[in-house]
Amino acid sequence: MDRRTFVKLIPMTAMAPGALIAQGGTAEAAAPPPSPAGSGAPEGGAVPDYAGKITYSDMSVTDADGNTQPGFKHSSSKAQQADPKAPYQMPLTKEEQDIMDGKKGEALAKVMKIVVAHGNAFGAPKLVELGGAPHCSLYTGTDYMKPMIDLFQECADAGLKTYAPYTVNPRCYDMYNVNNNATDMELIYQGYRYQRDLDWVHAQLGAPDLNYRSCACYVPEVGNAPPPGTYVAWAESSAINYGNSALGLRTNRNAGGMELLCGLLGKAPLFGLMTDEGRMANWLVEVKTSKEPDLGVLGTAIGLKVIDGVPFITGMEKYLGTEVSNDNMHLLKKMGSATAASGAVGLYHVENLTPDAKQKGRKLLQKGYQTYVYDDAEQARVLSTFPVEWDGRPEDPTVCLIGCPHNTFKEIHDWGTKVTETLEKRGLKTGAIPTKMFCSNVVRDHLVEKHPALVGKMTEAGMRFTNMCTVSYAGMKDFSERTYAVTNSPKTRNYYPACRYLKDDALIEVICTGKIPKGA
Amino acid sequence: MAKKTFKGRPLLGGNLEGKALASTQPLNTTGSYLDNLFGGNSTSAPCTDPNNKEFYKKDLSGAILCFTTTVGSSLGGAALMGVGSLGVGPKAMLFSQHVDSVSLAGLLMDDIWNGRRVITIDLLGDEFLESVKTGDPIAIQADGTVEVG
C-alpha cells in the first residue's frame, strides 16, 4: 500500500486531544451539523476526507454566532514593561540561572531555556515551584510525534525525571475490549508506529504503569488531586478544566510537551490562569431553568458563549450542593468538559461550590463582566443544534459509549446497577447493543473488588471496561459509517456530532432494546 | 507599491527576505499540514485547512506566513515540530496578534532543542495584516521590523 493511500486509512484521531476527525461529518454529509462560518465549499471542490473536524478543537472554537474564533487567548497575560514589544527577560534565581548556564547538564539547560522563553513571551514575572504531580497529554505514538518523542528520549538518556511520578492521558486504542477486529487493528498498528517508543519514554521519565492511564487523573484511585492553590503544569483540556475549577489548582492550558518540560524542571512560568488576576471571571452565567438543567447542554452552551472566558455560574446550588465530593464530581466533570470542548474554557467558578468561589464569592467578577442567562428556552435552543440525523450512519444504534472524560467509581457502579437491574426486570439476558465503559484500570479494579457480582452481571449484559480514550475511538476512520454510537458525553458529541448525545434514561432504553425511544 | 514598515516583537529573531503568504484568518497548525503529518509528504506542504480560504491548497513549505494567530489542537506545537523535521515547515511566522501558547511551545522546542528556527514575530498589528498581500515582497529584520513592499 503506498503512503498516499495509507493517509486515508490511518486514524485521524492521532491529533487528539481536541483535534479529531469526524469522518462522516464533513461538508459532504447530507445532514450536516451546524458548520462554522467561513467553511462552505472550499476552492477546488470537495473537502478531503481527513480535513474534517480537526479544525474545531480546544484551541479554535465556533462561537454562538457560528464564527470561527481563536481559542485560548491568554488575555490575562500582561507585559511586564511599558512597551509590550520590548525584549523582556524574567528575573531568575541563582539556582535557575545555574541551570540555564548548564551547571546541571546540557539537557536540563535546554529545558530551562524553553520554559523561560515561553514565560517571557507571556510576561511571567518569575518561575514558580510546582507541587502535586504533572499530568501529560502526550499519548499518541503517531509519525508526526516522532520529533517530540525523540526530544523526551534525549531527556531520559540524560537521566532527567519529573519532580513527581506523573499521570498520562488514556490509551489511544484497546486491542482487547474495543478494537479487537481486523479493520481497527490494521489502522492502529499502521498508524501508531511509535507507541512503544512513547510508552517507554513515559516509563523512564516517571509514568511507568499503564493501569493509571486516564484523563480523569484526579479520581481517588488514580490519585492526582493536589490541594487547592497548588501550582501545577497540566495538559489535556478536560483535566485542566476540572483541576483549575473543582480542585482549585493553578495551571495554564499547556501545549502538549510543555507540561512535561515543566515537569522535568519542577517549575513553570507564572502567568494567565495561575494568577489571581487571570482567575477573575469575565462572565456571569445565571442558570434559571425551571428544573435541573441538562449538564451536557449547559456546559456546551457556556463554552459557545464565553469561548475562552472565565464564567462564574450561579443557580446550581440546589442541584450540585456546596461541597465537591465523590457524589458530584462526575457532574462537574460532565459540565466542565463540555465547556472546554465547545469552547476553550480553562477555568469556571460555581457559586458556593468550587474552591475559588467559596473563598471569594462574587468578588471574582471583574469590572465590566458580561451576563449570560441560561433558561429553559436557551437550553432548548442549544439542544436543537445537536444533530439527530446523520447521513451514512447505520439506522439504529450499534454501541453505547459511557465515560468521556473517564468514569468515576460512582459512575461505573451506578450505570452497571441501572442497566443490569433494568435488563433483569424485563427478563432480558443481555443488552441489545454492547456498552463500552471508559475508565482507568484502577477504577475498574476497585469495582471488581467491591462489587464482583455486579461486574459479572455487567459482563453478561455486554458492558465492557476499557482504559482507552472515547474520542480516539469515535474519531477512527469511517467510524460513523460502521457505527452508530450513542453517548452520555457532551465532549464526545462536540467533537463527533455523529455520536448521538442522549439523557441517561434514554441510553438505558437503547441498551436494552437497540432502539432510540420516541421523544428522546 | 509603496513600502510600509511595521514593528513587532521578535520572539525568534532573524533576517529574511522573500514573498509573503498572507491570510486574514487564523492559521490552523494541525489542520493545515495533514498531507505532511499523515501522508509523510516531505517535498511540499499543501495547506489542508478548507476553513482558511486564503491558505487552502497553497504550498506552505518555506513560506513567510502572515496571519492573525494560530489555532488548532493542543498538539499544534508537536505538529510544527513534525513539519519542521520533514523539511517543509515555514521559514517565518508573522502574527498580527499575540502569539498563542501552543504554537510558541513547539517553535521554541524546535529552535532550542533541535536548532531549527522559524523566525517568529508577533504583535505586528491589524494594519500589518490589512496591508500585506500574498506575493508582496517582504523583508524581516532581527529586531522585529518587517518591511512590506
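Quick note on labels: first sequence line is chain A, next is B, and so on, each numbered from 1.
Other residues, nucleotides and ligands contribute only 12 or fewer heavy atoms inside 6.0 Å of the CD atom of A:E106. Atom CD of B:E17 has 12 or fewer neighbouring heavy atoms from other residues, nucleotides or ligands inside a 6.0 Å radius.
Using a 4.5 Å cut-off between heavy atoms, B:L123 contacts chain A through both its backbone and its side chain. Neither the backbone nor the side chain of A:A235 comes within contact range of chain B, judged by heavy atoms closer than 4.5 Å. Using a 4.5 Å cut-off between heavy atoms, A:D150 makes no contact with chain B at all. Heavy atoms of A:V115 lying under 4.5 Å from chain B are absent altogether.
When atom types are taken as modelled, the side chain of B:R9 and the backbone of A:A121 share a donor-acceptor pair closer than 3.5 angstrom. Using modelled atom types, one side-chain atom of A:K85 and one backbone atom of B:K7 make a donor-acceptor pair closer than 3.5 Å.
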* To do: Test A:L138 against B:L75 for side chain to side chain contact (heavy atoms under 4.5 Å, CB included), laying out the working first.
  => CA-CA 8 Å; A:L138 301 178; B:L75 288 174; 3.7 Å; yes
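Interatomic distance, OG of B:S101 versus CZ of A:R253, reported as 8.5 Å (0.5 Å rounding). The CG atom of A:L261 lies 5.0 Å from the CE atom of B:M109; values are rounded to the nearest 0.5 Å. How far CE of A:M145 is from CG of B:L37: 11.0 Å, rounded to the nearest 0.5 Å. Of the inter-residue distances, the one linking B:W113 atom CH2 with A:K113 atom NZ reads 10.5 Å to the nearest 0.5 angstrom.
Note: A:I114 leads A:I114, A:V111, A:N120 in heavy-atom pairs under 4.5 Å with chain B. In terms of heavy-atom pairs under 4.5 Å with chain A, the best-connected choice from B:L104, B:I121, B:N114 is B:L104.
In this structure the side chain of B:V83 never reaches within 4.5 angstrom of the side chain of A:Y144, judged on heavy atoms.
Closest of all the heavy-atom pairs between B:S85 and A:P147 is OG-CG, 3.4 Å.
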